[in-house]
Amino acid sequence: MPELPEVQSVVNHFKPYLLNQFIHSIDYLNNYEKVFETHSSNDLNKHVANQKISKVWRRGKYIVIDVSNGHLCIHLRMTGQLQVGCNKTDNTNHFTALINLKNKSKIYFKDYRKFGRIYFFKDLSILNYRLGPEPFDPNFNLTYVFEFFKGKNKDIKSFLLDQKFVSGIGNIYASEILFLSKINPCKKVSVLSKKECQKIILNSKKILLKAIAKGGSSIRDFKDTSGSKGGFQNEFKVYQQEGKKCKNLGCFDLIKKKIIGNRSTFFCDSCQK
DNA sequence: AAGAGGCCCTGATAGC
DNA sequence: TGCTATCAGGGCCTCT
């Protein structure tokens, strides 16, 4: 579900609940121990029980909760949500995990598709191995991009989704970034000019920053549990706009949808070359 | 090594 | 109305 801006907004929202608090325990719910992926429930609790939370931050699409002896990392995948406490209207069958804090507050992990995972890492080497630079990192620059594309022959859209290339971009923002850059999502990276690469780098930062400022996008499942919804879905230029008129001034073409890299991709054939 | 495709899951919606 | 097919914002794994 959520991409970088949505994960950032979840982190911002939960930081006050978590920071400087002590973890009492973490339970898996509805028999779904798989949610812990790398650890058995016992092992995980050995690592995190009684630990103080010293930092809450984001790396790619992971929510990272630092404790003294390691990092609790939460990935929401497609439909994961965090929420403080349990509402009357909740379908508890969708709960996969529960973080109990010593101050008695309960943070629920709600995830009807059950793709979301909670990991514990002693250090961040695994995460750094899996993930490329953050889009805002100065290392995400022309030299890096050109070096990365060397010997590769896939379309640019697939690379924007590749977390080893750059971390945090997902299917919505990939389409939006390429539209703003006027680059066709099918274009092979081997034929991209330096100027085009530069545009992609700059527009990635631009789109993501704007989305963060709007609190992310609220579509389908994604809602900030505080009730404050993101507003970037109103800014979509191409995502889910199939058949609608291109939003570029003077262009009268219609937005097309095409499956690229196994995912729906939206673009304007006339504006994106 | 790089790229294509399957798979994990459930629910909403479209089409018949 | 009710069934079935398709699709959904992710990422890992396997095979070629």
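A note on names: the letters A, B, ... follow the listed sequences, proteins ahead of strands, and every chain is numbered from 1.
- Among pairs with a residue in residues 122-141 of chain A, those fulfilling ring pair (Phe, Tyr, Trp, His ring centres under 6.0 Å) read A:F140-A:F165, at least two apart in sequence or across chains.
- Taking atom P in both C:dC7 and B:dG5, the straight-line distance is 16 Å, to the nearest Å.
- Between A:Y62 atom OH and C:dC12 atom C1' the separation is 10 Å, expressed in whole Å.
- By the salt bridge (charged side-chain N to carboxylate O under 4.0 Å, His left out) test, A:E235 is found to be paired with A:K210, A:K214, residues two or more places apart in sequence or in another chain being considered.
- Between A:F148 and A:Y144, the ring planes are tilted. Angles from 30° to 60° get that label.
- For A:D90, the salt bridge (charged side-chain N to carboxylate O under 4.0 Å, His left out) criterion is met by A:K110, not counting sequence neighbours.
- Shown here are the side chain to side chain contact (heavy atoms under 4.5 Å, CB included) partners of A:N100, two or more places apart in sequence or in another chain: A:H24, A:S25, A:D27, A:L98, A:K106.
- Screening residues 148-170 of chain A for salt bridge (Lys or Arg N to Asp or Glu O under 4.0 Å), with sequence neighbours left out, gives A:E147-A:K150.
- One can place CG of A:N93 at 10 Å from P of B:dT10, the figure rounded to the nearest angstrom.
- The phosphate of C:dG11 has OP1 or OP2 within less than 4.0 Å of a side-chain N or O from A:H75.
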Residues 244-255 of chain A side chain polar contacts: donor-acceptor under 3.5 Å, at least two apart:
{"residue": "A:K244", "atom": "NZ", "partner": "A:Q241", "partner atom": "OE1", "Å": "3.4"}
{"residue": "A:K245", "atom": "NZ", "partner": "A:C251", "partner atom": "O", "Å": "2.8"}
{"residue": "A:D253", "atom": "OD2", "partner": "A:S270", "partner atom": "OG", "Å": "2.5"}

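- A sub-4.0 Å separation between OP1 or OP2 of C:dA8 and a side-chain N or O of A:K257 is present.
- The nearest whole Å value for the distance from the CD1 atom in A:I126 to the P atom in C:dG11 is 16 Å.
- Take A:F121 and apply the ring-ring contact (aromatic ring centres under 6.0 Å, His included) test, not counting sequence neighbours, and it matches A:Y119.
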How would nucleotides 2-9 of chain B be written as a contact map, 5' to 3', with B for base contact, S for sugar-phosphate-only contact and - for no contact, using protein heavy atoms under 4.0 Å?
-> SSSB--BB
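- Figure legend: cation-pi geometry between A:K256 and A:F267 absent, as NZ or CZ is not positioned both under 6.0 Å from the six-membered ring centre and within 45° of its axis.
- Listed by first then second residue, pairs satisfying ring pair (Phe, Tyr, Trp, His ring centres under 6.0 Å) with a partner in residues 81-109 of chain A read A:H94-A:Y112, A:F95-A:Y108, not counting sequence neighbours.
- Sequence neighbours left out, the pairs with a member in residues 166-192 of chain A that pass salt bridge (Lys or Arg N to Asp or Glu O under 4.0 Å) are A:K187-A:E196.
- Comparing the P positions of C:dT4 and B:dC9 gives a spacing of 23 Å, expressed to the nearest Å.
- The separation between A:N30 atom CG and B:dT10 atom P is 11 Å, rounded to whole Å.
- Separating the CG atom of A:D111 from the P atom of C:dA8 is a distance of 18 Å, rounded to the nearest angstrom.
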Note, DNA chain C 5' to 3' with Watson-Crick or G-U pairs under 3.5 Å encoded as ( ), [ ], | and . gives .|||||||.|||||||
When you compare the protein's N or O atoms with those of nucleotides 13-16 of chain C, which come within less than 3.5 Å of each other, and at what distance?
none

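- Remark: C1' of C:dC7 and OH of A:Y239 are 10 Å apart, rounded to the nearest angstrom.
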